Each structure stands twice: as structure tokens, then as C-alpha cells.
Trainee: 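There's a structure below that I have some questions on.
Owing to the predicted nature of the structure, the values given are computational and were not obtained by experimental measurement. Letters go in sequence order (proteins before strands), and every chain restarts at 1.
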Amino acid sequence: MLAIVVLFSQCSGWLDLEPENDLIEDDFWKKGEDVEAVLASAYNSWRNNALNNLIMGEIRGDMVRFTGSAFTDYNRIAQSDITISNPRVDWSGYYHTINLANTILYYAPEVLKRDPTFSLAHKEAIEAEALFIRSLSYFYLVRLWKEVPLVLNPMISDTVNIFLPKSTETEVLDQIVKDLKRAEVIAYKDEFIDNPAYYKGRANTYSIQTLLADIFLWQEKYDECIAYCDKVIHSGRFFLENQNNWFRLFYPGNSMSESIFEIQFSTAFRQVNPIFYNVVRLGSGNPQINMVATENLSSLYEITDIRLLNPVDGPLPQAIPANKYASKDLIFIRRLPSENDANLISYRFAEVLLMKAEALVEKGNMQEANDIISMISDRSSGLYEGVGDIDNLRNAVLAERAREFAGEGKRWFDILRYAKRNNYQRKNYIINMILANAGVQQRPILESRVTDVMSYYLPIPEKELMYNPYLVQNPYYDR
Amino acid sequence: MLTTSNMMKKIYVFSFAMLVFLGFCPGLQAQTFLIQGQVLDGATGEAMPFVNMVEVDNNGRFIGGTTTDDNGYYMLRVSNNRARIMASFIGYAKHTVEVDGRSVINFILIQDFQFFDEVVVTADRISNDGVVAVRDRNVAVARVEMRELEWVSTTTVEEMLQGRVGNVDISAVSGDPGAGLNIRIRGTATLNAKNNPLIVVNGIPYDANLDGFDFASADVERFGSLIDVAPEDIETIEVLKDAASTAIWGSRAANGVLMIKTKRGIRSKPIFDYSYKTTQAREPKHIPMLDGGGYARLITDQHFNVNRGQFQHNEIAFNPSWFNYHNFSQNTNWIEEITKVALIQQHNFSVRGGGDKSRYNLSMGYTDEEGTTIGNDMKRLTLRNSLDYDLSSKLRFNSDILYTFYDQNSNFWDNVREIAYQKMPNMSIFERDSLNNVSDIYFTPPSTIQGNSDWMYNPVAFANLGELSRIRNNARASVSLRYNPVTTLELSNTITLDIFDEKVERFLPFKALGFNYDSHLTNQANNAFNKRSSIYTFTRAIYRPVENNVHSLIIVGQFDSEQSVNRSFGVTTSRAPSPVLTIPVGDKNLNSFYSGFSEFRSMGYFASAHYKFKDKYLLSAGAKYEGNSRFSPETRWGLFPTISLAWRISEESFLSKATFLGDFRFRGSWGQSGNMPGQNYLYFNTYSAGAHLAYLDMPGVQPTGPELTSLRWETIDQKNLGITITSFNSRLNIEADVYRKTTSDLYLPFYNIPGHSGYNNIKINDGEMVNQGWEFMIDFQVLNKKDFELSFNFNTSHNQNIVVRLPENYSLEYGNMLENGNYKISIVPGQPLGGFFGYRYLGVYRTDEDAIVYGADGKPVFALNRTEPMRMIHGGAGRYQFMGGDATYADINHDGIIDERDLVYLGDLNPSLMGGFSMRSRYKAFILSVFFNYKLGQSIINQTRMNTEKMYGYENQSIATNWRWRRQGDQTMVPRALFGEGYNWMGSDRFVEDGSFVRLRSASLSYMLPQSACRKIGVKEMRLFVMGYNIFTWTRYTGQDPDVPIPSNPSDLPKDYSRTPPSFRITLGTNITF
């Protein structure tokens, strides 16, 4: 008996067991490959948010309607009938991505010390990608919720403080601008040029610059926006695809000339774009389309515009936004059911140009803005003639963006940016749109309420309020 | 890892060294005397062969022995001329005499009519822990002697125990063969899903649950604890309830212990026992459902009420010109079609016996059980072999070998009965042509108006063609050595090896659903293996330094270790080219694939002392110090002390005249035990890889959760006070206990954290919960005459559960109450687990005009500037306006909106009283016994009724819906049919019922053949019996079975889904000894 007690007190290490199916932190973070592997899962995590981003970018707007029972909760948001328990009001997906990015940024310097084959340049390039993913997540968070907790440390232990208050929009945006400016310097530039999927699917200097331009535009910092657009434009890597290739932007994608950043899918690696599960279902016959255009959108196009062309179903204006995902070419070719790995485009060159045009308008440079709009319009045989009045020009940029990016998840943010400019100068535009989207019964109630600009942002999800006492609800929802 | 294997090696080496060391102790030699004589039967005067003649010492220990020859003569060598000799024979009273210098001693044995008391109880029965005498126990333990239950025909031990022991709740998950049971001792002590007690067989934990099990079945509950021991093999079961009694088992026993002791060999010539039972099981009456025509009218009505239009669909139109007319114009009772009368056959054979040095018991059982749902059956083979060998009077060797084989078949998915209730009754089972000729091909259209056949399938086709077979091989080998170097010290060492092995094969041929080759369900084949092996070691020393009339002291020390390894592997493929290939083949259509490995180790030290003074005052104290691999080194070890006291007041001098009292003692105990999380490796910050994490060709790895530094033992602190009274020569036994069980540092496996951490929840220890209650048991033998005997047993218990404290900002609320079908659960401090909330149902609005708002004063409420009263609306986004025929819910706050502010408390699932009572009487050779069990005061959600009365979709409904509201002015309690609209089946008291019941669980009559008749047919004993099971239930509950299992997850509600209900069973059987 005693012998056994002695025996065991000597080696209580017998109870130290480590999992064999998983890696543990002590054994991980030894090689550069480990950092790359977590980077992959950070991209993967961001990809999991991609469809939600697309829907959120359209759902409260005026161009696209989603039909079918899968969109019930989204459509409540579309009608401004937003409750804090709506399961689509959920930011945990973004923070999942952010946590992975934070984890990479936390451990990469450690790995640099441990792995002699892991070069400083490689480490910094990965850090730049992590910063890009994190900043992009925060940019969506800020545009959807306005004020959110700013988390910059990874949740690696239950000793990490997980009860953070909200940061202001400015604090978050300042942080990500700072991060991206660093990332711009340390990121890879053309290292992956021979691998289009990497070149377009992973962040590099150009995508970081584009994101910065977008943030500056949102912040109404037009000089910086123009400067960053110019960096991309003058890089010499990008120009508009020609008209015949317009549909090819979306399939097969990764256009060497126009694409800047695309979220990658590939059936070769069993990565299917979820948009084909319930938004555009490809089949042997006509695809089943649950994303339809409003009359508002179809009335924006001239009859000559190739973006109105409807290879799927003949001239059916409702299918305009879905065409990007259902057809392959100008000559009425439908995608096969197996061609369900189209990428989702985050940024392409046309948007850099239009961002610049938008900033130019605010700077009073009407001529150049008109030229850019014409360039985009002409590419698709639109009939843009140019306008002189600054307000009309603002609307012209908005309209051209609508035509060009319909169904790409940009519209709601475009309108919000347009309405909030100069201290919500054009608030009525967004109010009218919200009221038009609302149900007949709700309209009278909403009418007085949506003058509150905080109503354009989502409420803090119910469960977050429940689990974190430091969060304060968006006052619009706090009744 | 090196130290690990070395460590195990050291344990083995040590164990074997001990075995060897103990084996070399020689017995003592002494001068001997020879005694001889003859043994005669007291009744007939005949000589008795094969009587056991043994020399016993003053403590009743066997020293040596022999048996009588054919003429009843014996010759026995005894150690001294003051020795005592005992003669014993099965069925006869034992007789012991002192030699007192004689050399010839004749014996006359008297037949013992209490034939069920075949093993005569000597001075003190030792409790199943092997240390303390049953009468000296100062802890809360319930004991069931199996000979009291021999007439009860069951296939499992759990069924047998249900309701027999106070505060032990055992509910069947379903009536299907092989389905598991939920067992709770003294309520739900933890929010962790692991609430089942530890099962201990012959002193070794027996945990037949496999970790990596849950992949194939959506519902793990179905496979609760299974005890692989045939009821016939069991001698006693003890239920250990308080911490003081479970201490030695440490954390495994935090939820109580079921301690099973199996029959072992006895000193006798071979006794053969054979029993056979045949049982017929019949389901109770089903819920009557609509027929084909009624169904079609209901669907039409549902649509009409929504859009005022005609609903036309060929499948319910009964249109003879449609080519499929005959396939959709039947009256199929799907439930009847999947139900059958089941037959169960059980054989059990055992032989036991032994000589002076060795005793053996070999038993073999075979059960062939059909389920009452087609496609369900189970075969079970159990083999058990125990061997006790006395190497010398000081060194004894025991071995146990147990093997169980299961072959269980069930349906591919377990919702066949649910679908059968929903399936359209006008559809044909078999395909019919346009002339109504029935073929033998199942009619399986890929879709009907009810939906696609991948879930709304043809239940008969599905149950017959879909396969799920589960083959289990469980084996245990246990070896132990006991060594008594001196009479006061016993050392023992036990090593046990367990192997649980399971293979699950599932196959769904395309014909079962009627699918083509383009679905992932077509010819889906799934194979899975689960394997667990465990090694337990127990090294124990029991020291009895003082044992006399004044003082008695027992000191126990123990070291135990466990090492368990789980391995699992599973693969699913589909679209095999042929339905003949029922195993996964090819790699083209790989649906899923996984493999798993996990390992667990624990070790513990236990020490205790039991002191008795003058047989009056008893004191025990002990402590367990244990650690295991589930915790980080910082929090790994826990110390759990216990102390218990008893005062035997009946021994006091002032009660010395009250001899009728027998044994009267007060007991008190306090103790702590620890509970550990149910999974391995939780505290690590782990990273997992997988194809689903990849981006392009970059393999992905991500952390699965943060490091959990604060994970620690959940502590259960239990106080117990009790009395035990054994009086009137043990004819009256009373046990009563009150207890309070406090669980602190509650293990919360789903502690929700803010989403900005990157995770939804982590696991922490925080919070406190209390279970308190009482138990009472009385056992009274009214008559005990030679020909007539009558006894009663009654037990009842009450448990109250209170959540005392939960971590800040931790709230458990489930259920969206703006939608149909949900009930709200909230787990809040001060309230019990299991309470739920819903709306109050007031009936149905007679007319549209009735659906208006009434103020608190009972008068209609008018909105500003309106002449009509406000209409009642639903709080959801659509602001649904209630109409005539809609369900009326009480508007508790009179705001005209039915929403969460109108919820009321509807009940809770905890019974206020539960228990059982039984009566046994014997008249000559006839024995009649009846057993009732009951649960009172628990609320049940009759989910089946909700599903069959909601009139919301295409599911078939019960005939109760014929009373539905149809036109303005109808007065009824059943709302109108509304297709996919309205709020007629929100969670309300309409579907909550009182689940109190008293059930005549079993009644049996048995007849013992007289000795003369037995002799004629050449057997020693023969019994015939007939028995009924689940005979009658007194209840107001309208569903099929009020004995709904308590959900294992606190976020689940006590819902009755009418899974296969417990059947009425009638059994004929015989039991032969020869």
C-alpha cells in the first residue's frame, strides 16, 4: 500500500494526457506553415461571412428582393421590422474572423523566433493579410452597427477579459486605417502574380489600398480617398475588361485586369459558393432565382446596356442581379449545376474608379467625375451623357454604381454613405426608401421614428446584451 | 509519453508481484481428529447423500469439509476436539454442533419451508462494499434482495428496479428493445448532461456507454445506461445515495451508485437451474387518427380558412379519372401497419456449486426479443463465469468473466412512429394500378403534397427496408486475490479489463424512400466502429485491530486507478450502384468520414475508519483524494471528506425491555464528492485541422476554443439524516431519510460569452444548486405461517430542486414565445430546474366579433376616436389579428397584444411524490405478488397531442380535430384549421397535462410443484408462473404513457412524443432446479 503511494506520488505525470486528434497550443506555432494554416482558416472564416455580407448589403436597399422561406428573417430587416432577437442580427461571425486574425498577429512574432526558415518578409506579408481581414471585418461591423467593441487581442485563454464596451465609430475606423497603412507597406505586391487564385484571392498591396480608399470615402476624407484610388489606378496593373468579357468577371472570375479582391471558391477543393444553395439554384433547366430585381433597378438601365442583357431567361428584368451568378457569357449560356464555385467579388477596378468619381464630385471636380462615369457606362454600352449640377452628379454616381454592382452587396452602404454625407444632409432619401420597403401597417409608425439616424444601424443582438453587461443598446432600439 | 507507459508497467509489475507474493504463503499444519456419523432427513428418516459437512471455527469460518456418501455417512478430519461441525443441504435448515470430544456425531436435518430463503442468513449480512455489516450501516443505502423479485419477469435490471427504491427514478426512453433508460438518484444534481449514476458490478465500475457514440443517431438518449447482467444472475442490488456511502467510488459516483452483486458459487454439489419465459407484448391503444376522407376534408378546410378559395390537388381530390386515383384513395392506418404483437423468449441456464476449496457459478442467458414496431428486435447472449478458489485458509482467489453479445436491429431513423402519425391516410402502402390491383411493390412517390420522401416517407416501406444493425460485444475479465495474513487484516488486489466493442451498420436502399440515383440518401450506407477498453485496478487493505463486544474498529485503505481508451471510426457513402451493396464502397460519393481517439486516466486514494462502541454508537470517517487527466495539473486533485454517525437506541438500557424493537438506530452523515466534466482534453487550447477550414489549396487550422485554466471539480456536498427500524423479529422494517444535497462550482458546459470573443460559449465552474427531500420505506410481514404468508412493502419519496445561484450575466432562457409550439424555460436562481411557462388557453373565439380586447375591468376597450372595440392581436411582426375560430389566450396584462408579457407559469416536470408499493402473499405452494409504482404531481407537455391537433400543415391529425370550429358561432374547444397561418398552437396549458399516475406494473402468480411431483419427473424443484406487466395505469393523462423521462439537458422539456409506448406484456414461464 505504502509502496504504491510512494510510487505514484513520484509520477503524477501519468495523468498528463494530450489529445491525439487535435494539436495543442504548446505543440503548435513552431513553423511558418502553422501561421499560414491559421491564415487559411481566417480567410475561410471570412468566406463564411461572405453571403451574409452580400445580403446585408442589399436587403434594406431598393434594388433587390429576396424571396423564399430561407429569407424570412432577413426580410424582417428589409421591412425595418428589426427585433433584437432576429437571428440574422448577429455579429459573432465577424468576430470569429477577427479572433483568428488576432491570433495570427499574436503568434507570428513568436514563430519568427522559433523557425529559422520563416523569413521576416514572409511573416510581415502574412501579418498584412491578417490586418486586411481584420480591418475588412471591422469596416462591415461599423457600417452595420456603427459602434462595436474593438477587440485586438486573441481569446487564447479564459483569463482574457471578454467583457468589453463599445468603441465609437471613429475609434474603430482610426484603428483600421492605422493598421492598413502599416499593412500597405509590409504586404506582398506582385509575388503571387503567377497564381491568379492567390493574386486575387489573398490580400496584397492593391487590395489594401482599395480598402483604404473605401474607408476614406466613408469617412468623407476625399483627398485621401482620391490619393489611394490613384495609387491603384497608377499601379498599371488594372484596367477595365472589355464589354465581351463583362460576364466573365463573375465566371470564371479572377480577371487579371479588373479584379482586385475576390473571395475564392473552388470545387476542386470542395468549396462551393453558398449563394447557389438558396439564392440562385442552378439546375438543368432554368435556374431557380430567389434574388429578384425591383422595378427601381430595371428602370435604371438603358435598353442598350449589356448589363440588362438576360442570358438566363430572355428579357426578364427581374433576373438582372441573378444573371451575374447564373450565366457565363453574353450569348445566352447558362452555368451548369456543377459550375457552382464562382467567386464573390469584393473589389474590382470599376469600383476604384467610381469611388474616385464620388470623391471628385465632393471636391468639385465635375469634369473628371463625368469622364469616369462615362468610361464605366460606355464599357457596357450605356448612354451616359454627363450632367453639370453637383446634386445630379452625386445621383449619377450612385446610379452608375447601382447599374454596375447590382446584386454584389454594395447598395445599402452606397445609400447610407450618400445619405449621411455632410451630417445626414440627404437623410430623406434613405427615409423614403425605408418607408417604401416597410409593410403598409408599419409605415405610419415608422414615419416618425426613422428620422432617428441610429435606426439605419442594427441593434446589438439580444444575446450579446445578455452576456455582456458593459454593452449599451443602440438608443433607437432601447425603448 | 515515456513516463506514461513506464508508469503502467510499474503498476502491473507491482500487482503481479503482490499476486505472487500472496500465493506463496503456506497454510498451517496441526494435529487432527477424525469424526464420523450419518445424516438423516428429519421428516422421512431417510439417509441423505451429498450433505455438506464442514468444520467451522468460532467466527464461522470454514476450516475443512467433506460430503456424505450415498448412504448418508461421512468422515471428517477436524483440527481439535473442541471443533464445531456444520451440516448443510439445499432446502434444509443448517445444523451446527460442537464436537465436544465425541468421535461419532449423527445429524437430523429438517426441511426448510422458506424455500426462497435458500441461503440461510447467518449473523450479519455484509453490505456490497464488503466492509460494513448491513445492520451497522450509518449511511443512506437502499438494498434489494433479488430473491424477493424472482417472480418478476423482465429482460433488464433497470426495469426491475423502477419504483422499488425510494427516490430512484428510472424511466424508459422508449419501449423499443435495447432502448436505454434515464436513471436519476435524488434528482438532477448538475447542469452537466451527465446525471446517470455509476453502475458497479461486483465491486468494479461498469460503464457500458461509449463516448464517440453520437454520430449516427440524432438522439443519444435512446441509448442510456445498459446493464449487461441478466436479472437471474443478480443476488442483490444496493443503491447508494448519500456522499458518505459513495465516497469510496469518488467522482464517478457523484450521482449515486447502483451496486450489483451477482450470484456466486456455493459449497454444494452442482445445482442446475433452468428458467424459460415466453412473453407476448402488445401496445396500448393508439391515438385515433383521421381516415382518408377526413384527412382530405381537413386539408381543404385548412386552405379555405386561409384564402377563402378552393384547394384542388389530385392527391386529396378523390378523382377517379386521375391515373393515381387508387394510390391515393385508401384508408391506411399507418400506425397499425407498423405495429405488431411482439414475442419475447428468454432462456437462462446456470450451474453452481463447489467444494471446500473452490466454488463456481456458470450461467448463460439468451434473450430473443421482438419490438412492437416492425424492424425492431434484439438478441442478447450473456455468459458469466465466476470462480472462487481458496488457495489456503488465508489466501483466496476470485475471478469473474462476463461476456455479453447484442445483436440489435432498429429503424434507419428513429422517427418512424412520428411519421406514421403524420402520414396521409389516403395513401396506399403498396402500388396499385389503374384497376386497383395491388402489387407487392411499396408505393413510394418521391414527393407528395406532404413533402419530399426524404423525410415524409412511406413508413411501412421505410421500416421494412431501412436497416440499422448494432452489434455489441462487451467483455470483462476480473481477477482478484484476497490475503488474510492474520485474521484482523485482509489485503486484496483486483485487476479488471473491460472491452466494449460495437459495430453499427446502417443502410437505406433507394426503394425505401423511392429516390433516384441523384440523392445523397440513395443507397446510403454507413459503418461505424466504437471501441473502448478500460483497465481498473483496486488495491485494498482492511484492518480490524479490535473486534469485541465493547469496541470494534475497521480501517480501510484503498488505491485505485483507471485507464480507458476510446476509439471510433465511421464512414458514410451513398449512391452505391446496387442496393445489394449494403456497406460503404467506393470513394466517389463519400458523404462523411471521421475517426476519433480519446484517453482517460484517473487515480485515487481512499482511507476510512469505522468505529463501533458497545454496538450502540457507530462512527465512520473517510476521505478520498483523487485526480484525473481531465483537469490541468493545477486543478487536478480533489480531496473529498465524509463522516457518518449512528446511534442504535435499541441497545440502550432504558429500552432493554422493548425487545420487540430489534434494531432501532438513528443515522447521520455528511460528505462531499466531486464531479468532473464528461469530456477529455477540455482544458487545452486545442487547434483542429480539417478540409472545411481550407482556403483554396491552403490547409486550414483553427483554435477550437480557449485554454480553460479555471476548469475544476464540481463539488457535491450532501447531508443525510435517517432512521432504521427493524422490529418484531425483522417482520417490520422501516427506513426514513431526509437529505440536502448542495452542488457548488456547477459545471456549466455552455456558459455563453460575448460573441466578440470569437466564441459563443466556454465551459466554466460557477453557481450552486440544491436538491433536498425525504424518503420513506416500510416493509411489513403481516403473517408468516407455515401455509400462509403475507407481506407488504411501500416506499415514497420527494425531491425538491432549487437553483441557488448562477454566475452573473448567465441566464438560461429558451423558447421564442411569439411562435407556435414553443414553451419558455428559464433557469433562474430561486426556482427549480424544469419549470416552464406558456399562455393560458381559454378556448376558441366563437365569432369574429368576440376577438376583442377587454380591460382589467372586463369591459371592451376602445381605441381613441374609434367606435368599435380594439381587436386582439398577436405580438409578432405581422401583427396577426385574431378571428373567430382562433385560439383564445388570456391577455394577462390587458394590452390587447398576446406576447411574452402574457406568459404564466404552467408547471414543472419534477414529481412531488414518487415511489411504489407491493404485496406478496403465499398460500401453500402458490405465491401471488403485485407491484404498483406511482409518480404524482409532474406536468407533461403532450407533444403528440399538439402535433396531432394543430391543423397547420399537411400532417394527418387525430379525430379530436373533428370537433374543430367551422363557422361563425360554433362553440368548441378546438380551434379552426388554418394552413400555415395563425397562432392556434402556441405553447399553452391546452397541451400541458398532469402526468400523475399509479400503475399496476406487474402481477404474478406462481406455483411450486410439491416435492413428490418433482421427484417423479426427476427434478429437485419446479416452479411455474404467469405474470402480467404494465397491466393498468390510473391516470388523467390523455397521452399514451405518463411516465415521460426527465430530459437529460436542462434546456429540454418533458415532452411526450409517443415513441414506442411501454407495452402490456404477459409472460408464461418455468423455473427448474435439478
Side-chain angles (χ1 to χ4, degrees), chain A residues 1 3-5 7-8 11-25 28 34 36-38 40-41 43-44 47 76 81 83 85 91-92 95-96 98-100 103 149 151 155-160 162-164 197-198 201 264 266 269-271 441 461 463-464 466-469, chain B residues 3-4 6-8 10 14 539 541 557 559 595-603 605 627-629 633 636 680-681 684-689 691-704 706-710 752-760 762 764 808-809 811 816 877 879:
Chain A
M1 199 58 208
I4 287 188
V5 174
L7 199 70
F8 275 99
C11 39
S12 65
W14 189 65
L15 295 178
D16 287 328
L17 288 180
E18 291 177 1
E20 298 200 1
N21 277 16
D22 289 318
L23 300 153
I24 63 168
E25 192 255 354
F28 198 64
D34 295 345
E36 285 238 4
V38 180
S41 74
Y43 276 116
N44 168 68
R47 180 169 58 193
R76 287 189 178 146
D81 172 26
T83 58
S85 58
W91 67 32
S92 55
Y95 280 107
H96 184 259
I98 289 166
N99 185 48
L100 290 172
T103 309
V151 187
M155 172 76 179
I156 51 173
S157 155
D158 57 3
T159 54
V160 172
I162 48 171
F163 302 110
L164 297 175
Y198 277 23
Q264 305 283 317
S266 164
F269 308 110
R270 301 175 74 105
Q271 297 157 15
Q441 286 173 320
K463 56 177 188 169
E464 303 297 336
M466 215 187 285
Y467 308 140
N468 183 357
Chain B
T3 49
T4 304
N6 280 344
M7 200 55 237
M8 264 339 273
K10 280 182 189 169
F14 185 85
T539 306
F559 167 75
S595 71
F597 174 91
S598 87
E599 192 173 9
F600 169 75
R601 283 179 193 165
S602 80
M603 59 172 93
Y605 307 93
N628 65 57
S629 62
R636 175 169 294 158
N680 292 323
Y681 314 125
F684 288 107
N685 179 7
T686 53
Y687 287 75
S688 63
H692 65 290
L693 299 173
Y695 186 66
L696 294 171
D697 58 348
M698 302 160 70
V701 170
Q702 72 175 23
T704 45
E707 182 188 9
L708 301 176
T709 55
S710 61
N752 291 300
I753 56 172
H756 59 72
S757 63
Y759 301 100
N760 292 321
I762 56 173
I764 67 161
E808 217 183 314
N809 69 55
S811 113
N816 179 353
R879 302 276 146 175

Trainee: Considering only heavy atoms, which portion of Pro754(B) lies under 4.5 Å from any heavy atom of chain A: side chain, backbone, both, or neither?
Mentor: both
Trainee: Thr159(A): what forms a side-chain hydrogen bond (donor to acceptor under 3.5 Å, both in side chains) with it, not counting sequence neighbours?
Mentor: Ser157(A)
Trainee: Give, as side chain, backbone, both or neither, the part of Tyr43(A) having an atom under 4.5 angstrom from any heavy atom of chain B.
Mentor: both
Trainee: What part of Ile98(A) gets closer than 4.5 Å to chain B, counting heavy atoms only: side chain, backbone, both or neither?
Mentor: neither
Trainee: Within the distance-only criterion (no hydrogens, no angle test), does the side chain of Tyr695(B) pair as donor or acceptor with the backbone N or O of Gly201(A) below 3.5 angstrom?
Mentor: yes
Trainee: Under 4.5 Å heavy-atom distance to chain A, tell me which part of Phe684(B) shows up: side chain, backbone, both or neither.
Mentor: side chain
Trainee: Side chain, backbone, both or neither: which part of Leu708(B) has an atom under 4.5 Å from a heavy atom of chain A?
Mentor: both
Trainee: When only pairs under 4.5 Å are counted, which of Asn99(A), Leu23(A), Val160(A) shares the most heavy-atom pairs with chain B?
Mentor: Leu23(A)
Trainee: Do Ser266(A) side-chain atoms and Leu696(B) backbone N/O form a donor-acceptor pair below 3.5 Å?
Mentor: no
Trainee: Let me know if Phe600(B) has heavy atoms under 4.5 Å from chain A in its side chain, its backbone, both or neither.
Mentor: backbone
Trainee: Run the side-chain hydrogen bond (donor to acceptor under 3.5 Å, both in side chains) test against Asn760(B) and tell me which residues pass, sequence neighbours left out.
Mentor: none
Trainee: Using a 4.5 angstrom heavy-atom cutoff, name the option from Ile764(B), Asp697(B), Thr686(B), Thr704(B) with the most pairs to chain A.
Mentor: Asp697(B)
Trainee: If we only count heavy atoms from C-beta on, is the Gln264(A) to Gln271(A) side-chain gap below 4.5 Å?
Mentor: no
Trainee: Between Val38(A) and chain B, which part of the residue has a heavy atom less than 4.5 Å away: side chain, backbone, both or neither?
Mentor: both
Trainee: With rounding to the nearest 0.5 angstrom, report the OG to CD distance, Ser757(B) to Glu464(A).
Mentor: 8.0 Å
Trainee: Sort out for me which of Ala694(B), Pro703(B), Ser602(B) touches chain A most, counting heavy-atom pairs under 4.5 Å.
Mentor: Ala694(B)
Trainee: Take the angle between the ring planes of His756(B) and Tyr95(A) and call it parallel below 30°, perpendicular above 60°, tilted in between.
Mentor: perpendicular
Trainee: Nearest 0.5 Å, please: how far is CG in Asn468(A) from CZ in Phe163(A)?
Mentor: 6.5 Å
Trainee: Side chain, backbone, both or neither: which part of Pro149(A) has an atom under 4.5 Å from a heavy atom of chain B?
Mentor: side chain
Trainee: In terms of heavy-atom proximity below 4.5 Å to chain A, should Tyr687(B) be classed as side chain, backbone, both, or neither?
Mentor: both
